[in-house]
Amino acid sequence: MGNVDYSKYSKLSPFELKDELIALATSRTDRMMLNAGRGNPNFLATVPRRAFFQLGLFSATESEFSFSYMPEGLGGFPRSQGLQSRFEQFILANRDKPGVVFLGKAISYVRDQLGLDADAFLLEMVEGILGCNYPVPDRMLRISEKIIKEYVLREMGVQSMPKEGLDLFAVEGGTAAMAYIFNSLKENKIISNGDRIALGTPIFTPYIEIPKLNDYQLEEVMIQADPELNWQYPESELRKLEDPSIKAFFLVNPSNPPSVKINDEGLAIIADIVKKRPDLIILTDDVYGTFADNFTSLFAICPDNTILVYSFSKYFGATGWRLGVIALTKNNILDQKIAALSTKDKKELAERYSSITTDPASIKLIDRMVADSRNVALNHTAGLSTPQQVQMVLFALFNMMDSRQNYKKAVQSVVRERDAALYRQLGVEVPQDPNSVDYYTLVNLENTARTLYGDDFADWIMKNKNPTELLFRIADETGVVLLPGSGFGVQHPSARASLANLNEYQYAAIGMSLSNLAAEAYEEYKKEGKKKK
Ligand SMILES: *Cc1c(COP(=O)(O)O)cnc(C)c1O
């Protein structure tokens with residue numbers, strides 16, 4: 001095919017591959033690059049952002065009520081006296097503005113539905129959005145934590161857990177959560193160099209790469225999801241977790257890239273394994289959980305074993321905001337592991353955290369994460385910026401107050417229609433799976449070749465064409481960037497497309513490019529066949 005030699009690309013790492021693919025796709029000025037390699041959504045929730053900006057204007061005015069004898073531009077801390085009634089006036093005066101209407105309803109929801117102190121909530125929001133104090137408590141603002149707990153418990157399918165049994169740490173997105181967790185697990189000797197950890201694959205590349213870093217040197221055991229089972233983990237793979245030498249199981253659920261949630265059978269098997277292995281640590285990254293209907297996180301199945309990571313980046317289209325949380329139960333096994341460390345290790349850790357309290361042994365892991373996030377010594381300035389926490393709360397309330405789930409249905413249908421457009425143009429059936437959230441799709445190259453032109457052609461393609469080279473050729477000739485599934489630990493040749501990042505017609509164009517390429521390869525295959533005869 002073509003005259004360009006694409007074989008040099010097959011040895012690159014996933015991130016180098018991505019850069020090279022983009023370079024090729026942008027190498028021609030006469031066409032647009034279609035980068036379906038990015039997980040960044042191109043949709044976003046507007047109403048909670050409007051609410052944020054309106055609240056900001058109200059709060060700036062509140063600040064100017066203090067120190068109002070001073071020159072313009074200098075304000076003081078907002079005052080709590082009369083705040084509620086001034087806010088009500090603001091709502092009344094701006095009834096025509098959707099962000100303000102939302103704020104009015106949010107106050108009522110927090111008071112009437114969640115049973116929280118509305119005055120204290122409003123003050124926390126007004127002070128928070130002005131960002132005029134260090135975040136206190138550093139782990140998370142008080143009422144904000146209560147609201148986000150409610151949101152996380154609902155969305156992760158954990159309604160039954162009492163909110164008092166849970167702690168949250170508000171962080172700068174899911175990736176910060178991962179960095180803080182890995183670091184604190186190591187600092188607190190819960191995971192040490194050379195330990196074995198299991199990874200649910202295919203998985204977001206950093207999860208494969210971080211454990212291998214020099215800092216961690218962990219041995220990875222792959223728990224492979226099976227494409228023949230619509231990307232569920234086969235029982236035999238999950239049962240590997242019964243091996244007591246495996247310390248922890250890291251997974252993304254719903255997965256990235258297959259984009260499916262673990263089904264009820266899988267959840268039941270994991271529950272059974274944890275019964276046999278009460279010491280198994282689970283780290284679940286559930287950033288895509290909010291895209292599913294009736295999602296059940298492993299945090300709901302084995303809460304005390306599980307560190308939950310949730311990010312607001314994808315669902316609210318808020319990657320630039322950097323918003324996420326880490327959740328742990330108060331009874332978690334990690335704190336028990338710290339309590340069971342050797343005297344020598346405990347002494348070392350007591351020293352590490354001695355600047356924070358006179359009783360360092362009593363510090364919970366989640367608070368150690370907060371301290372570790374600022375190298376312990378700078379703990380007094382730890383925490384997520386308060387305006388970020390305010391936006392996080394407004395996002396969560398927006399979702400909770402939407403009783404018909406109109407926003408969820410809208411984002412679900414956006415990605416599903418893109419999925420359908422791609423496969424329709426490609427000429428193969430749109431994959432249907434009730435457990436799929438369709439944020440990404442993996443195009444199986446062999447099966448596609450088989451469906452389009454038969455078994456013999458599919459065998460020929462597998463023998464004669466390198467799948468990574470195919471992706472380079474697509475980038476070069478059409479400007480379409482798809483990432484090889486292999487970078488995420490996918491076993492068979494596949495192309496991974498994010499369904500969140502482009503518009504529907506562009507997904508149709510991607511389907512068309514793939515279909516053209518297959519047609520061309522088929523011509524080549526037929527010619528070779530004739531030569532042989
Ligand atoms: C996109 C993504 C995230 C989000 O990370 P942020 O830092 O919150 O933007 C986390 N985990 C996975 C698996 C993702 O795909």
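Quick caveat: nothing in here was measured; it's all calculated off a predicted structure. Counting convention: from 1, in listed order, for ligands and their atoms alike.
- Residue-ligand proximity, G173 to ligand 1, at heavy-atom distances under 4.0 Å covers atoms 7 (O), 8 (O).
- For atom 12 (C) of ligand 1, the closest heavy atom belonging to the protein is D285 OD2, 3.4 Å.
- Between the side chains of Y353 and N188, at least one donor-acceptor pair of N or O atoms lies under 3.5 Å.
- For S313, a nitrogen or oxygen atom sits less than 3.5 Å from a nitrogen or oxygen atom of ligand 1, counting backbone and side chain alike.
- Across all their heavy atoms, P135 and L384 have their closest contact at CG-O, 3.3 Å.
- Donor-acceptor pairing under 3.5 Å is recorded for the side chains of Q388 and S385.
- For ligand 1, the atoms lying closer than 4.0 Å to a non-hydrogen atom of R322 are 6 (P), 7 (O), 9 (O).
- At the top of the distance list for atom 2 (C) of ligand 1, counting protein heavy atoms only, stands K314 NZ, 2.5 Å.
- Shown in contact with V252 at under 4.0 Å from a heavy atom are these atoms of ligand 1, numbered in order with element: 13 (C).
- Judged by distance alone, the side chains of Y423 and T441 do bring a donor and an acceptor atom under 3.5 Å apart.
- Near S311, meaning under 4.0 Å from one of its heavy atoms, ligand 1 places the atoms 4 (C), 6 (P), 8 (O).
- In this structure, CD on E237 lies 11.5 Å from CD1 on I269, to the nearest 0.5 angstrom.
- If you check which protein heavy atom lies closest to atom 15 (O) of ligand 1, you get Y288 OH, 2.6 Å.
- At least one N/O-N/O distance between G174 and ligand 1 falls below 3.5 Å.
- Assignment of T319 to the shell around ligand 1 is not supported, since no heavy atom sits closer than 4.0 Å.
- With values rounded to the nearest 0.5 angstrom, R139 atom CZ is found 10.0 Å from R142 atom CZ.
- Residues P254 and F295 meet the side-chain proximity criterion, which asks for heavy atoms closer than 4.5 Å.
- Nearest to atom 10 (C) of ligand 1 by heavy-atom distance, out of N253, L323, V287, is V287.
- The only member of K247, K186, K189 that meets salt bridge (charged side-chain N to carboxylate O under 4.0 Å, His left out) when paired with D195 is K247.
- The closest approach between a heavy atom of M178 and any atom of ligand 1 is not below 4.0 Å.
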